[in-house]
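Each chain gets a letter, A, B and so on, in the order the sequences are listed, and its residues count up from 1. In this text, all values refer to a predicted model and were calculated from it rather than measured experimentally.
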2 protein chains.
Amino acid sequence: MFTLSEENYLKAIFHLEMMSGTGISTNAIASKLETKASSVTDMVKKLAEKQVLVYKKYQGVSLTKSGKTTAARIVRKHRLWEVFLVEKLNFSWDEVHDVAEQLEHIKSPKLTRELDAFLGFPKTDPHGDPIPDHEGRFDSVEKRLLSSLKENEVGVCVGVDDSSSNFLQYLDKNGISLGEKIEVLSIESFDGSLSIKVAGKVLSISSKIATNIYIQS
Amino acid sequence: MFTLSEENYLKAIFHLEMMSGTGISTNAIASKLETKASSVTDMVKKLAEKQVLVYKKYQGVSLTKSGKTTAARIVRKHRLWEVFLVEKLNFSWDEVHDVAEQLEHIKSPKLTRELDAFLGFPKTDPHGDPIPDHEGRFDSVEKRLLSSLKENEVGVCVGVDDSSSNFLQYLDKNGISLGEKIEVLSIESFDGSLSIKVAGKVLSISSKIATNIYIQS
DNA sequence: AAATATTTTTAGTCTTGTCTAAAAAATTAT
DNA sequence: ATAATTTTTTAGACAAGACTAAAAATATTT
Ligand SMILES: [Mn+2]
Ligand SMILES: [Mn+2]
Ligand SMILES: [Mn+2]
Ligand SMILES: [Mn+2]
């Protein structure tokens, strides 16, 4: 069994390994969890003793098989609860993250199993992220950044990279949501900003925005 | 804002005041929380500083208005989640308590509000206990112990005093559930055991069982 | 009204998870 | 290859929440 703090470390390392492969640095973990490197060193020693990760001084850490499964199950719960909040309790996609951060630590295998069934075994959460199964497996949707499209190409929005309330509200305001068709009308070579057509309306978005939207084409 | 531990103390004191009035002793709190009296003394000092209870050395503690509301809101969440688990996720009434003990600490006013609405604003939980409103108010159902009935009297089961898995499973096994009519056929004067008729069947229950079942007549 | 028993508080210790400051190792620049 | 910089670890401290053992206050007997 893991403490709340241990679970948060495992999840952070899991996400970091997802992005940048194995051998996650103390500093990377510290900045993701908004804590200090020295605290991370202490904690990874403890987690190494519990066999959920391998730690070699000055070399960073890597999750073991068991560590990956444990972390994926927390992510599974996080995303199932996000679906619940949006589908059943009228939350919008920018309101769910903080509550899910709490709910993901509830310990009850039956609860997770039944919640999954109650929601109809969803495959993705409200931000387009895949929901791992009980064993921690999930199929990664093939997707590209909107910024990788060329002029006159089209795609369907299937996810976001940044799930902050700020960014999601910006998307809402501009009619961009999951499943929406996006057409790139033109690209400004000077600053990489795009003119796009979405939901019948033309709008201009910065390159920063375009690198936080995933599309399928 | 209160820590998990502080919330558990507040809830315990709230329940103790419910039963035995004001001025709750250190020992009573300790035994309810399965901790030591010395730990309780430390904690009530802290809670007194936070103005949620009044503490006078050697005199026990009493919740303030604000303490009562805070505690009632935790109880509100506990019971709403119990309803959710039974009504929506196929839990039985003997499986919900431990999970609700975790869920009651989730902090999100919107979540509580929406959950309440999603469940259709239930007035009681799966054990017949009333669900406080946001302000901490709730109407106490008038009810008596089954053991207070005389021979040939009847009542309807409206609650249980003990919500342990053990006891609830015993009730299930014998067809006793909320809303069920119970008729007292005879009372054995030697040990106070009762012969009752419930769901068409006659069965004999000990006096201890009878003092843990609430009925309305 | 003492004496005894019980309850409650205090004093001191421990664990978990965090922090700052300093030391050590690894990396990058000259 | 040395020096400077950055990253990581160690050492020591702290707060929260718990515990044990001992002291103090209260309650109960005789
Ligand atoms: Mn999230
Ligand atoms: Mn999400
Ligand atoms: Mn309960
Ligand atoms: Mn209940």
Side-chain angles (χ1 to χ4, degrees), chain A residues 1-14 16-17 19-63 67 70-71 74 101-102 104-105 107, chain B residues 1-14 16-17 19-63 67 70-71 74 101-102 104-105 107:
Chain A
M1 208 45 62
F2 297 91
T3 66
L4 186 118
S5 209
E6 287 170 341
E7 290 194 346
N8 282 333
Y9 274 89
L10 285 173
K11 190 167 57 107
I13 297 165
F14 180 80
L16 289 166
E17 282 194 348
M19 292 185 23
S20 30
T22 191
I24 302 301
S25 79
T26 304
N27 260 4
I29 300 168
S31 91
K32 173 142 261 200
L33 291 174
E34 297 181 86
T35 183
K36 295 301 154 91
S38 55
S39 308
V40 173
T41 304
D42 284 348
M43 181 59 93
V44 297
K45 282 177 181 169
K46 208 177 5 152
L47 291 172
E49 294 232 325
K50 290 199 175 187
Q51 319 263 334
V52 284
L53 54 77
V54 176
Y55 164 61
K56 295 247 279 293
K57 268 190 195 179
Y58 297 100
Q59 304 290 122
V61 303
S62 303
L63 293 178
T70 304
I74 301 164
E101 285 289 307
Q102 301 177 60
E104 71 190 3
H105 300 291
K107 285 165 183 61
Chain B
M1 208 45 62
F2 298 90
T3 67
L4 185 118
S5 208
E6 288 169 340
E7 291 194 346
N8 282 333
Y9 274 89
L10 285 173
K11 189 167 57 107
I13 297 164
F14 180 80
L16 289 166
E17 282 195 346
M19 292 186 22
S20 30
T22 189
I24 301 301
S25 78
T26 303
N27 260 4
I29 300 168
S31 91
K32 172 141 259 195
L33 291 174
E34 297 181 87
T35 183
K36 296 299 156 91
S38 54
S39 308
V40 173
T41 304
D42 285 348
M43 182 58 95
V44 297
K45 282 177 181 169
K46 209 176 6 152
L47 291 172
E49 294 233 324
K50 291 199 173 186
Q51 319 265 332
V52 285
L53 54 78
V54 176
Y55 165 61
K56 295 246 279 295
K57 268 192 194 178
Y58 298 100
Q59 304 290 123
V61 303
S62 303
L63 293 178
T70 304
I74 302 165
E101 285 289 307
Q102 301 176 60
E104 71 190 4
H105 300 289
K107 285 164 183 61

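- In this structure, Leu4(B) places its CG atom 14 Å from C1' of dA18(D), rounding to the nearest Å.
- Note: OH (Tyr9(B)) to P (dA16(D)) measures 14 Å, nearest angstrom.
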Using a 4.0 Å heavy-atom cut-off to protein, can you give one letter per nucleotide of nucleotides 6-12 of chain D, 5' to 3': B if the base is in contact, S if only the sugar-phosphate is, - if neither? -SSBB--

Can you check side-chain contact (heavy atoms from CB on, under 4.5 Å) on His105(A) and Asn8(A), steps first, answer last? CA-CA 9 Å; His105(A) 300 291; Asn8(A) 282 333; 3.1 Å; yes

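- The side chain of Lys36(A) contributes no N or O atom lying less than 4.0 Å from OP1 or OP2 of dT18(C).
- Checking side-chain atoms of Glu6(A) against main-chain N and O of Thr3(A) turns up a donor-acceptor pair under 3.5 Å.
- Heavy atoms of Ser39(A) sit under 4.0 angstrom from at least one base atom.
- The minimum heavy-atom distance linking Ala37(A) with Thr26(A) is given by the pair O-CG2, 3.3 Å.
- A donor-acceptor pair under 3.5 Å links the side-chain atoms of Ser62(A) to the main chain of Gly23(A), judged by distance alone.
- Salt-bridge formation is detected for the pair Lys11(B)/Glu101(B): a Lys NZ or Arg NE/NH1/NH2 atom is positioned less than 4.0 Å from an Asp or Glu carboxylate oxygen.
- Between Ser5(B) and dA16(D), a side-chain N or O to OP1/OP2 separation shorter than 4.0 Å is absent.
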Give the C-alpha distance, both sets of side-chain angles, the deciding distance and a yes or no for side-chain contact (heavy atoms from CB on, under 4.5 Å) between Leu10(B) and Leu63(B). CA-CA 8 Å; Leu10(B) 285 173; Leu63(B) 293 178; 3.8 Å; yes

